[in-house]
K.L.:
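I'd like to ask you about the structure that follows.
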Amino acid sequence: MLRIHFTYEDLARVRIADGPDALWEVQLSLHALQTHGRSVELTPWRRHTLHTLPREVVRPLAEIAPPRGISPDFLTPSGGAHGFGDGMEISLRTPRATISAQVAAMADQRRLTPWLEAVRRAETSALRTLGRAVAIYHEGAIAPVWRSLSDVVAADRRMRAQQMSARGVGAVLAGLPGCRWRAPVLEIENYKDAEVRLEGRGLLLQPSYFCEPDTPIKLCDPGPEPMLVYPTAKPATGLTASAESASVPGRSVTALLGRTRAAALAAIGTGCSTGELARRCEISVGSASQQASILREGGLITTRRVGTSVCHEITSLGVQLLSGAAAS
């Protein structure tokens with residue numbers, strides 16, 4: 001049993017991530033892909049993913065993200081609700097000595113394959129293979145269902161926020177799947193005996209669609225910002241691939257604004273909140289807010305307050321920029 005010890009300061013610093021974390025969804029979906037799990041709702045997604053993705057992409061990822069035992073922490077950097085681009089940037093900045101140590105720790109539980117040995121040695125070719133495989137996997141397995149997945153996570157977050165507002169932090173902790181709250185300790189059954197003392201760092205709760213039922217997950221080394229990833233409820237309908245084809249900015253506008261900002265401008269085309277912008281572009285809410293601020297200063301969008309939220313809308317100048325880029 002895992003026992004997480006809270007102080008009064010920790011309870012005051014419990015928070016729920018703003019949305020799904022793309023790299024956690026990548027890793028936990030790989031677990032689901034390999035185990036067939038207990039979630040029948042994942043069967044159509046699993047069948048489609050195995051049918052469409054090349055084996056040479058799935059095989060190295062299955063080796064570094066096994067369904068049982070540890071996976072290296074650098075694959076899922078802490079911070080909460082990373083979009084894929086932001087998360088990969090943080091992941092690839094991990095010092096090679098750290099990558100080596102984390103992969104070496106896997107050898108305590110299983111024999112490392114030749115490719116994992118190359119990753120342990122932080123060989124450039126092995127790390128490039130890893131980055132390329134993660135990108136291809138994300139594009140084929142996660143990106144098509146991202147909006148559907150995000151809606152499920154958003155509904156879970158709203159429910160937890162209502163619990164916190166009505167009954168306090170203790171009710172949220174007590175209601176986490178697979179957990180038992182015995183103040184000031186959170187107990188999680190599906191772990192070998194271990195004690196984690198938060199010591200004032202607080203706890204980030206990260207909802208995840210692909211997290212296995214009743215099996216919350218933590219980083220091996222919690223670091224300065226401990227995180228607990230927990231499973232959301234899964235609708236009986238499963239995930240739905242987005243039927244929408246988002247506007248793709250042309251090369252000229254991408255060269256002018258940069259890829260992330262150009263994608264943000266295109267995503268705002270139909271109007272959206274900052275949270276929705278983050279989900280559409282698969283970036284953090286903080287990054288979405290920053291991109292919107294820069295676009296607003298450039299006269300490409302406007303922002304108006306709607307109740308407790310804001311709505312970003314593209315201006316005629318922004319439309320002209322996108323239209324001109326598309327036509328060029």
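In this text, all values refer to a predicted model and were calculated from it rather than measured experimentally.
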K.L.:
Answer with yes or no whether the hydrophobic clustering places W115 together with V57; edges join I, L, V, M, F, W, Y residues whose side-chain heavy atoms lie under 4.5 Å apart.
P.N.:
yes

K.L.:
Is it the case that the side chain of S273 and the backbone of C311 share a donor-acceptor pair, with hydrogens and angles ignored and the cut-off at 3.5 Å?
P.N.:
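Here the side-chain-to-backbone pair does not exist.
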
K.L.:
Would you check if the side chain of R46 reaches a backbone N or O of A32 as a donor-acceptor pair within less than 3.5 Å?
P.N.:
yes

K.L.:
Could you check if a side-chain atom of L295 sits within less than 4.5 angstrom of a side-chain atom of H312, using non-hydrogen atoms only?
P.N.:
no

K.L.:
Do L203 and D10 have side chains that approach each other closer than 4.5 Å (heavy atoms only, starting at C-beta)?
P.N.:
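Side-chain contact under 4.5 Å: no.
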
K.L.:
Could you tell me which non-hydrogen atom of L277 sits nearest to which non-hydrogen atom of A292, and how far apart they are?
P.N.:
CD2-CB, 4.3 Å

K.L.:
Just verifying a value: how many Å separate R13 CZ and T7 OG1, rounded to the nearest 0.5 Å?
P.N.:
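If we round to the nearest 0.5 Å, R13:CZ and T7:OG1 are 9.5 Å apart.
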
K.L.:
Tell me if a side-chain donor or acceptor on H31 pairs with a main-chain N or O of P66 at a distance below 3.5 Å.
P.N.:
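Yes, the answer is positive, given that a donor and an acceptor are paired below the 3.5 Å cut-off.
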
K.L.:
If every non-hydrogen atom of P177 is compared with every non-hydrogen atom of P216, which pair is closest and at what distance?
P.N.:
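Residues P177 and P216, closest heavy atoms: O-CG, 3.2 Å.
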
K.L.:
CG/D73 to OG1/T98 distance, rounded to the nearest 0.5 angstrom?
P.N.:
10.0 Å

K.L.:
Quick check: closest heavy atoms across T215 and C211, and the distance to 0.1 Å?
P.N.:
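Scanning both residues completely, I find the closest heavy atoms to be O-SG, 3.2 Å.
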
K.L.:
Which heavy-atom pair separates Q206 from A17 by the least distance, and what is that distance?
P.N.:
OE1-CB, 3.1 Å

K.L.:
Would you please classify the geometry between the W181 ring and the F6 ring as parallel, tilted or perpendicular, with 30° and 60° separating the classes?
P.N.:
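Geometry flag for W181 against F6: perpendicular rings.
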
K.L.:
Verify the cluster assignment for L300 and V310: are they in a single hydrophobic cluster under the rule of side-chain heavy atoms below 4.5 Å apart?
P.N.:
no

K.L.:
Measure the spacing between CG of L2 and CG of L186 and express it to the nearest 0.5 Å.
P.N.:
8.0 Å

K.L.:
Is a side-chain donor or acceptor of R182 paired with a backbone partner of E187 at a separation under 3.5 angstrom?
P.N.:
no

K.L.:
More than 12 heavy atoms of other residues, nucleotides or ligands under 6.0 Å from CD of E139: yes or no?
P.N.:
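No, the 6.0 Å shell around CD holds no more than 12 heavy atoms from other groups.
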
K.L.:
Identify whether I314 and L317 are in the same connected component of the hydrophobic contact network (ILVMFWY, side-chain heavy atoms under 4.5 Å).
P.N.:
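Yes, one cluster joins them.
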
K.L.:
Hey, does L11 have a side-chain heavy atom less than 4.5 Å from the side chain of L173?
P.N.:
yes

K.L.:
CD of E63 to OG1 of T113: how many Å apart, nearest 0.5 Å?
P.N.:
3.5 Å

K.L.:
When you check the gap from the basic side-chain N to the acidic O, do E297 and R261 get nearer than 4.0 Å?
P.N.:
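Result for this pair is no, no salt bridge flagged.
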
K.L.:
For the residue pair S71 and A65, what are the closest heavy atoms and their distance?
P.N.:
OG-CA, 3.4 Å

K.L.:
Hey, could you give me the CZ/CE distance between R201 and M227, rounded to the nearest 0.5 Å?
P.N.:
13.0 Å

K.L.:
So, do K234 and V152 sit near enough that their side-chain heavy atoms are less than 4.5 Å apart?
P.N.:
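K234 does not reach V152 side chain to side chain.
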
K.L.:
Does a salt bridge link D151 with R147, judged by any charged N lying under 4.0 Å from a carboxylate O?
P.N.:
no

K.L.:
Verify the neighbour count for atom CZ of R93: are there more than 12 heavy atoms of other residues, nucleotides or ligands below 6.0 Å?
P.N.:
yes

K.L.:
Looking at side-chain heavy atoms only, is the closest gap between Y230 and S208 below 4.5 Å?
P.N.:
no

K.L.:
Would you say S293's side chain and S289's backbone share a donor-acceptor pair under 3.5 angstrom?
P.N.:
no

K.L.:
May I ask you to say whether R197 pairs ionically with E199, meaning some side-chain N is under 4.0 Å from a carboxylate O?
P.N.:
no

K.L.:
Tell me whether T129 contacts the main-chain N or O of S125 through its side chain, where contact means a donor paired with an acceptor under 3.5 Å.
P.N.:
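Confirmed, T129 side chain pairs with S125 backbone.
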
K.L.:
Output, in order, the C-alpha distance, side-chain angles, deciding distance and verdict of side-chain contact (heavy atoms from CB on, under 4.5 Å) for Y191 and I217.
P.N.:
CA-CA 9 Å; Y191 272 91; I217 296 177; 4.2 Å; yes

K.L.:
Find out whether L205 and R160 are in side-chain contact, i.e. whether some heavy atom of one side chain is under 4.5 Å from a heavy atom of the other.
P.N.:
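They are not in contact (no side-chain heavy atoms under 4.5 Å apart), so the answer is no.
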
K.L.:
With side-chain contact (heavy atoms from CB on, under 4.5 Å) as the test, pick out the partner of F210 among L42, L33, V26.
P.N.:
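For F210, the side-chain contact (heavy atoms from CB on, under 4.5 Å) check succeeds only for L42.
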
K.L.:
Before you tell me yes or no, could you show the steps for I283 and T260 under side-chain contact (heavy atoms from CB on, under 4.5 Å), namely the whole-Å CA-CA distance, both residues' side-chain angles and the distance that decides it to 0.1 Å?
P.N.:
CA-CA 9 Å; I283 56 179; T260 300; 4.3 Å; yes

K.L.:
For the residue pair Y137 and S29, confirm or rule out a side-chain donor-acceptor distance under 3.5 Å.
P.N.:
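Side-chain D/A pair, Y137 to S29: present.
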
K.L.:
If we only count heavy atoms from C-beta on, is the I64 to L116 side-chain gap below 4.5 Å?
P.N.:
yes

K.L.:
Can you tell me how far the CD atom of Q109 sits from the CD1 atom of I70, to the nearest 0.5 Å?
P.N.:
5.0 Å

K.L.:
Going by the side-chain contact (heavy atoms from CB on, under 4.5 Å) test, name the single residue among L23, I90, T94 that passes it with F74.
P.N.:
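Going through L23, I90, T94 one by one, the side-chain contact (heavy atoms from CB on, under 4.5 Å) with F74 is satisfied by T94 alone.
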
K.L.:
Please answer: with hydrophobic residues joined when any side-chain heavy atoms are less than 4.5 Å apart, are V185 and I188 in the same cluster?
P.N.:
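Not linked; separate clusters.
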
K.L.:
Between the side chain of S148 and the main-chain N/O of T240, is any donor-acceptor distance below 3.5 Å?
P.N.:
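Confirmed, S148 side chain pairs with T240 backbone.
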
K.L.:
Does atom CZ of R121 have more than 12 heavy-atom neighbours, drawn from other residues, nucleotides or ligands, at distances under 6.0 Å?
P.N.:
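Yes, the 6.0 Å shell around CZ holds more than 12 heavy atoms from other groups.
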
K.L.:
side-chain contact (heavy atoms from CB on, under 4.5 Å) for E25 and H138? Distances and angles first, verdict last.
P.N.:
CA-CA 9 Å; E25 299 299 346; H138 173 266; over 6 Å; no

K.L.:
Should V229 and T76 count as side-chain neighbours, where that means a heavy-atom distance under 4.5 Å?
P.N.:
no

K.L.:
Using 4.0 Å as the upper bound for N to carboxylate O, is an ion pair formed by E56 and R132?
P.N.:
no

K.L.:
With side-chain contact (heavy atoms from CB on, under 4.5 Å) as the criterion, how do L127 and V119 come out once you've worked through the C-alpha distance, each side chain's angles and the decisive distance to 0.1 Å?
P.N.:
CA-CA 6 Å; L127 294 177; V119 176; 4.1 Å; yes

K.L.:
If the test is side-chain contact (heavy atoms from CB on, under 4.5 Å), which one of D156, L176, D21 qualifies with P207?
P.N.:
D156

K.L.:
With clusters defined by side-chain heavy atoms of hydrophobic residues (ILVMFWY) lying less than 4.5 Å apart, directly or transitively, does I294 cluster with V285?
P.N.:
no

K.L.:
For the residue pair G299 and T315, what are the closest heavy atoms and their distance?
P.N.:
O-OG1, 2.7 Å

K.L.:
Is the distance from the ring center of W45 to that of Y209 below 6.0 Å?
P.N.:
no

